[in-house]
Amino acid sequence: MATTDTEVAVPDDQPYRDRKMTLGAHLIELRRRLMIAAAALVVGMVVAFIITDPVITLLTEPIAQVARTRGDDFAQLNFDSVTAGFDMRMRIAFALGLLMSAPVWLWQIWAFIMPGLTRKEVRYSVWFMATAIPLFFVGCYVGLLIMPHVIELMASFVPEAGAQFYKYDYYYDFVFKLLLVLGVAFVSPVFLVAVNLAGIVSGKAIMKGWRIAVVVATAFAAIATPAADITSMLLLAGILIVLYVLAGLVSMLFDRRKRKRHPEMFVDPDA
């Protein structure tokens, strides 16, 4: 009687790859992957350094706008040392190089830890990265749209007889942190779904916290946008609230699937 080879199903709680390595082998592999990631970062920084001029123009456009409004002598970006210009370009090159080389160093991290993950954890991780990365860049883009309004609003508090000189490192840190905070804010709903998958919080509990989410999103939007620009504030708050609700709905969907697959094991903490 002829037999055919069939693929044997492997449980989701088994390691993705049956691979045993000694501590020394792990360290050698870690060093190799770190060197590849560092090389990719250096290449990304070199490319980014070449294009720093248009990036600086983009980041300092709000200052130029303030200067056009209040007078050319009112607002300037201040470089207060001999190496300040080079230092700012290196800061920008590092940030952009880190983003450009992200596919390489993320893959190196992923390839190093993947053998220890189960198949279910691999699927969840791929889903998390595929969702979080685009949302992070969307948040950064929203930050670029909001940043000019914030700087113009702050400049309006300077007396007419005064002048606004922006120290380069402080200005860069302000812009970078603003973009980073908004990027993380847009990724936060994905973290909610992740903790739901980990069994830490249920989808019902997430949806019950919608009132707190509305207050936090509105307060965050009010801080991130100028008080006079109500449209931008409501738009940003609305986006954050919608993302929160979507995270709650997705988490409830996952909870429902858990109940169907393992009704004897699933315990709803809110029941």
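Because only heavy atoms are used, hydrogens play no part in the values below, and waters and symmetry mates are left out as well, while side chains stay in.
Between Cys140 and Leu179, the shortest heavy-atom distance links the atoms O-CD2, 3.4 Å. Closest heavy-atom contact between Ala247 and Pro189: CB-O, 3.4 Å. Nearest approach of Leu182 to Gly139, heavy atoms of both residues: CB-O, 3.5 Å. Residues Lys204 and Met252 come closest through the heavy atom pair N-CG, 3.9 Å. Smallest separation of non-hydrogen atoms from Ala93 and Ala48: O-CB, 3.7 Å. Heavy-atom minimum distance, Ser251 versus Gly203: CB-CA, 3.6 Å.
Once rounded to the nearest 0.5 Å, the distance linking CG of Leu30 with CE of Met35 reads 12.0 Å. Atoms CG and CG, on Asp169 and Asp87 in that order, are 7.0 Å from each other to the nearest 0.5 Å. To the nearest 0.5 angstrom, Ser156 atom OG is 12.5 Å from Ile151 atom CD1. Between the CD1 atom of Ile51 and the CD1 atom of Ile56 there is a distance of 11.0 Å, given to the nearest 0.5 Å. Taken to the nearest 0.5 Å, the CG atom of Leu41 stands 14.0 Å off from the CD1 atom of Ile36. We find the CD-CE distance between Glu61 and Met147 to be 9.0 Å, quoted to the nearest 0.5 Å.
With a 6.0 Å radius and a threshold of 12 heavy atoms from other residues, nucleotides or ligands, Phe94 has its CZ atom at or below the threshold.
At least one donor-acceptor pair closer than 3.5 Å links the side chain of Tyr172 to the backbone N or O of Arg91. Although no hydrogens or angles enter the test, the distance criterion places a donor-acceptor pair under 3.5 Å between the side chain of Ser81 and the main chain of Ala84. Side-chain N or O atoms of Ser202 include one that pairs as donor or acceptor with a backbone N or O of Ala205 at under 3.5 Å. Not one N or O on the side chain of Trp105 forms a donor-acceptor pair closer than 3.5 Å with the backbone of Arg33. A distance-only check finds no donor-acceptor pair linking the side chain of Tyr244 to the backbone of Ser188 [under 3.5 Å].
Side-chain contact of Tyr171 with Asn78: a donor-acceptor pair under 3.5 Å is absent, judged by distance alone.
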* Apply side chain to side chain contact (heavy atoms under 4.5 Å, CB included) to the pair Arg89 and Phe49, showing each step before the final yes or no. => CA-CA 7 Å; Arg89 291 178 183 272; Phe49 190 86; 3.7 Å; yes
* Check the pair Phe74 / Val158 against side chain to side chain contact (heavy atoms under 4.5 Å, CB included), numbers first and verdict last. => CA-CA 10 Å; Phe74 177 81; Val158 179; 3.7 Å; yes
* **Trace of the side chain to side chain contact (heavy atoms under 4.5 Å, CB included) decision for Phe79 with Leu77** => CA-CA 7 Å; Phe79 296 89; Leu77 186 64; 3.6 Å; yes
* Does the pair Leu240 and Thr218 meet the rule for a side chain to side chain contact (heavy atoms under 4.5 Å, CB included), with working shown? -> CA-CA 9 Å; Leu240 294 176; Thr218 304; over 6 Å; no
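The cluster map of Ile, Leu, Val, Met, Phe, Trp and Tyr, joined by side-chain heavy atoms under 4.5 Å apart, puts Phe176 and Leu178 in the same cluster. One hydrophobic cluster, built from ILVMFWY side chains closer than 4.5 Å, cannot hold both Ile241 and Leu246; they sit in different ones. Hydrophobic clustering (side-chain heavy atoms under 4.5 Å, transitive across Ile, Leu, Val, Met, Phe, Trp, Tyr) keeps Val42 apart from Val47. In the hydrophobic clustering of this structure, Val104 does not group with Met45; members are Ile, Leu, Val, Met, Phe, Trp, Tyr whose side-chain heavy atoms approach within less than 4.5 Å, directly or through other members. Transitive grouping of hydrophobic side chains (ILVMFWY, heavy atoms separated by less than 4.5 Å) brings Val193 and Phe191 into a common cluster.
Phe220 places a side-chain heavy atom less than 4.5 Å from the side chain of Val181. You'll find the side chain of Glu152 stays beyond 4.5 Å of the side chain of Thr69, heavy atoms only. Counting heavy atoms from C-beta outward, Val187 and Ile133 have side chains that stay 4.5 Å or more apart.
Using a cut-off of 4.0 Å between Lys/Arg side-chain N and Asp/Glu carboxylate O, Asp80 and Lys167 are scored as salt-bridged.
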